[in-house]
Amino acid sequence: MSGSDERPADAGSLRHGLPELIAERRAKALRLRQTDAEAFPYAFAGTEPIAAILDAYEHLAAGEETEDSHRVAGRVLAKRGAGKAAFLDLVDRTGKIQLHARVDVLGSEALQRLTSLDVGDLIGVDGAALRSRKGEISLRVDAFTVLAKALRPPPDKHGGLSDVQTRYRRRELDLMASEDARKLFADRARIISAVRGYLDTEGFLEVETPVLQPLYGGALARPFTTHHNELDRDLYLRIATELYLKRLLVGGLERVYELGKDFRNEGVSSKHNPEFTMVEFYEAYADYSDEAVRLEELVRRAARAVDYAGELDLEGRWRRVTFVESIAEATGIDLSSARDPDALRAEVVARGLEIATEGASWPQMADDLLSKFVEPTLQQPTFVLDYPVELSPFAREHRSRAGLVERWEAFAGGIEIANAFSELVDPDVQRERFEAQQRLASAGEEAQPYDELFLAALEQGMPPAGGVGLGIDRLVMLLTGRDSIREVVLFPAMRD
RNA sequence: GCCCCGUUAGCUCAUCUGGUAGAGCGCCGGACUUUUAAUCCGGUGGGGCGGGUUCGAGUCCCGCACGGGGCACCA
């Protein structure tokens, strides 16, 4: 943005639009500096939340006034002049209260200062509680202080801000204009707090593992790469925390979790942001069935934390269906009999299903069938169980079904929210999986790097364990009824 | 990377076939001591960027930028 837009108007130069609005506000700020010794104080101590005042005077009758003085601070949302009186709406993080200014209380000079405030200015007020004749709980302005002059105009006071581009790029304006936006991010915080609360209560230890990793792993995704100058080596921003957390189980921490950002250098969509918040938790001596129960409980706690009242049944036991069953239900294809690429391709073509089959591997096609034909239908929370081994390099082979692993993905609202395994703990099997991944990589496919330190950890003896990765942004989408990840991330990734 | 749609005043939106671009809110000035989308009077402000066609382009054409949706991608 060009700085020349923001200078006050020079004498004789014609300025319009935003520069003019800013110039007018700057002129007012200048006047404040000249006339008010405390125009820009460093702090304003002793304020009460507006909501507390509204609660405390609920009993007042219309027209009833008190001499109980209260101190509040917030942003001027609206201004209604009435000659020798004025009304302002003041908003803080807890609510909105009307201010009533009168010349017989303030004097004409102070009233003039008050009415020359702009919508968007931050002020502190001392005043007595009253209920106006029209019935609104208000504060009579006995004294006020400008806490910050707003040099730019706020969004429209009733139309609000609806341009999505501005809402995402300048989230502060969205929050300023929309109580709903403020509530959404408060809900997000409550959800995260509930997740931590549940895991803490269950004896999980919150840990922090490297974001900058010498090798990336734990998921299949392209990483962001960066460079450490002193060590003179490339590092990757983590795509998952999985491998480090499992090493902590080897170390005996037994129940651990990490909640934080992962980074994937992939496309942006309504379900994908290049940096996103994930919680992964791992539990020794448990398997994937135990973890399904944990996820149900964890999501139930989070839903209660925000008084979830949507369409999804998050209180009861979630539906469970196997990978093979779910695809058979949705497409009629029996994966257990179409076990090689050619057979599966023939089935897909015969049924006229629109997925890529040219040169596609069996696992690619199977996964495509799931994401295209099953996932969108899974509105009520559902665990899809027992995936083909080819799709899951860190999951343990199924105890009774050949070719499958003990893995589930949890879906709700038509999107994937979580993924879990009975963790693969056998170092020799894990080594074979890495080797298979290397063959994929040399064939040009995305695959796991070979992680010797992780294998060494497994060779120390890793307890049987269940582990879960839960996408926090998607959980927030689900519990707040938003259909885009950009709505629930404060500052989503945008082009410059 | 591909396809479709969008971009007009500080904000929210209009503007038939190409012919002087409008409103509400905001802002500035004035009136008003109980308003709350305050009201009343007067004033102020604009076609994303770059080309082209045309006597004349917000409108038609080309390119670019950004956004939205979809596809691809995303275990």
Side-chain angles (χ1 to χ4, degrees), chain A residues 5 14-25 27-28 62-63 65 77-89 96-106 108 111 115-116 118-120 130-136 138 140 152-169 173 177 218-222 239-240 242 264-274 276 354-356 361 363-364 366-368 370-372 387-395 405 407 409 415-416 419 421 437 440 445-448 469 483-484 486 492 494-496:
Chain A
D5 287 356
L14 204 59
R15 287 175 181 274
H16 301 291
L18 182 58
E20 183 185 39
L21 295 178
I22 291 175
E24 277 156 5
R25 284 168 178 255
K28 286 181 179 177
E65 306 204 2
L77 188 69
K79 209 175 78 175
R80 297 178 290 280
K84 295 190 169 54
F87 295 88
L88 291 82
D89 292 333
K96 181 182 82 173
I97 194 166
Q98 175 170 267
L99 305 176
H100 183 199
R102 296 199 303 252
V103 71
D104 57 303
V105 175
L106 274 177
S108 59
L111 182 68
T115 53
S116 70
D118 289 308
V119 174
L130 60 95
R131 192 185 284 275
S132 72
R133 286 174 208 167
K134 294 283 174 65
E136 180 159 354
S138 310
R140 182 190 71 206
R152 289 172 181 268
D156 187 85
K157 69 184 176 196
H158 43 268
L161 184 65
S162 61
D163 179 66
V164 290
Q165 193 158 176
T166 309
R167 288 185 46 240
Y168 296 160
R169 289 181 190 279
L173 296 181
L220 289 186
R222 286 217 310 271
I239 59 173
E242 173 151 353
R264 296 186 185 177
N265 206 340
E266 309 277 3
V268 174
S269 81
S270 60
K271 296 188 186 70
H272 300 87
N273 199 55
F276 61 100
E354 293 191 359
I355 63 164
S361 64
Q364 278 173 336
D367 194 45
D368 264 9
L370 184 78
S371 58
K372 279 236 172 58
Y387 282 59
V389 62
E390 296 91 332
L391 290 171
S392 318
F394 296 107
V405 291
R407 171 187 179 186
E409 287 188 306
I415 60 173
E416 178 199 343
N419 180 32
F421 316 134
Q437 290 288 311
L440 280 178
E445 284 202 42
E446 237 172 4
Q448 289 289 323
D483 56 10
S484 169
R486 288 183 284 266
M494 305 281 275
R495 287 179 201 276
D496 282 332

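In what follows, chains are A, B, ... by sequence order, proteins preceding strands, each numbered from 1. This is a predicted model, so every value here is computed, not measured.
Side-chain atoms of A/Ser269 come within 3.5 Å of backbone N or O of A/Lys271 as a donor-acceptor pair. For A/Arg131 (side chain) and A/Gly63 (main-chain N/O), no donor-acceptor pair under 3.5 Å exists by modelled atom type.
Under 4.0 angstrom from either OP1 or OP2 of B/C73 there lies no side-chain N or O belonging to A/Arg264. A close approach under 4.0 Å does occur between a side-chain nitrogen or oxygen of A/Arg486 and OP1 or OP2 of B/G69. In terms of phosphate contacts, A/Ser269 brings no side-chain nitrogen or oxygen within less than 4.0 Å of OP1 or OP2 of B/G68.
Contact annotation for A/Arg167: no contact, since no heavy-atom pair falls under 4.0 Å across all strands. Here A/Gly81 lies in heavy-atom contact (under 4.0 Å) with a base. As judged by a 4.0 angstrom heavy-atom cut-off over every strand, A/Arg131 is placed among residues making no nucleic acid contact. Nucleic acid contact class of A/Glu242 (heavy atoms, under 4.0 Å, all strands): none. Looking at heavy-atom distances under 4.0 Å, A/Tyr168 makes contact with sugar-phosphate atoms alone, never a base.
Going from the P atom of B/C4 to that of B/U44 covers 43 Å, rounded to whole Å. Taking the C1' atom of each, B/A23 and B/A37 are spaced 15 Å apart, rounded to whole Å. Comparing B/U7 with B/C16, their P atoms are spaced 13 Å from each other, to the whole Å. B/U12 and B/G56: their C1' atoms are spaced 31 Å apart (whole Å). Here, B/G45 and B/C28 have their P atoms 15 Å apart, quoted to the whole Å. Comparing the same atom, C1', in B/C13 and in B/C49 gives a spacing of 23 Å after rounding to whole Å. With C1' as the reference atom, B/A57 and B/U20 are 14 Å apart, rounded to whole Å. Comparing B/U53 with B/C11, their P atoms are spaced 33 Å from each other, to the whole Å.
Among the nucleotides B/C13, B/G70, B/U33, the one closest to the side chain of A/Val103 is B/U33. Comparing B/G69, B/U34, B/C13 against the side chain of A/Ser162 picks out B/C13 as the nearest. When the nucleotides B/A75, B/G68, B/U33 are ranked by their closest atom to the side chain of A/Arg102, B/U33 comes out on top. Here the side chain of A/Asn419 is nearest to one of B/A72, B/A75, B/G67, namely B/A75. Among the nucleotides B/G68, B/A75, B/G69, the one closest to the side chain of A/Arg407 is B/A75. Closest to the side chain of A/Leu161, from the set B/A75, B/C11, B/G69, is B/C11. Of the candidates B/G67, B/U33, B/A75, the closest approach to any side-chain atom of A/Met494 belongs to B/G67.
Partners of A/Glu409 according to the side-chain hydrogen bond (donor to acceptor under 3.5 Å, both in side chains) rule, which considers only residues two or more places apart in sequence or in another chain, are A/Tyr387, A/Arg407. Under the salt bridge (Lys or Arg N to Asp or Glu O under 4.0 Å) criterion, A/Arg102 pairs with A/Glu65, A/Asp104, sequence neighbours left out.
Where A/Ser484 and A/Phe394 each meet RNA chain B at their nearest nucleotide, the meeting point lying more 5' is that of A/Ser484. Along RNA chain B, the nucleotide closest to A/Ala82 and the one closest to A/Asp163 are compared, and the more 5′ of them pairs with A/Asp163.
The only option from A/Asp89, A/Leu77, A/Leu88 that meets the side chain to side chain contact (heavy atoms under 4.5 Å, CB included) definition with A/Gln98 turns out to be A/Asp89.
Pairing for B/G1 goes to B/C71, judged as Watson-Crick or G-U wobble with the two contacts each under 3.5 Å. As the counterpart of B/U39, B/A31 is assigned, both hydrogen-bonding distances of the Watson-Crick or G-U wobble pattern falling under 3.5 Å.
Other residues, nucleotides and ligands place no more than 12 heavy atoms under 6.0 Å from the CG atom of A/Asp483. The environment of NZ in A/Lys79 is crowded: more than 12 heavy-atom neighbours from other residues, nucleotides or ligands sit within 6.0 Å.
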With 3.5 Å as the limit, what N/O pairs link the protein to nucleotides 25-28 of chain B?
residue, atom, partner, partner atom, Å
B/C25, O2', A/Asp156, OD1, 3.4
B/C25, O2, A/Asp156, OD1, 3.2
B/G26, OP1, A/Lys157, NZ, 3.1
B/C27, O2', A/Glu24, OE1, 2.2
B/C27, O2', A/Glu24, OE2, 3.4
B/C28, OP1, A/Lys28, NZ, 2.6

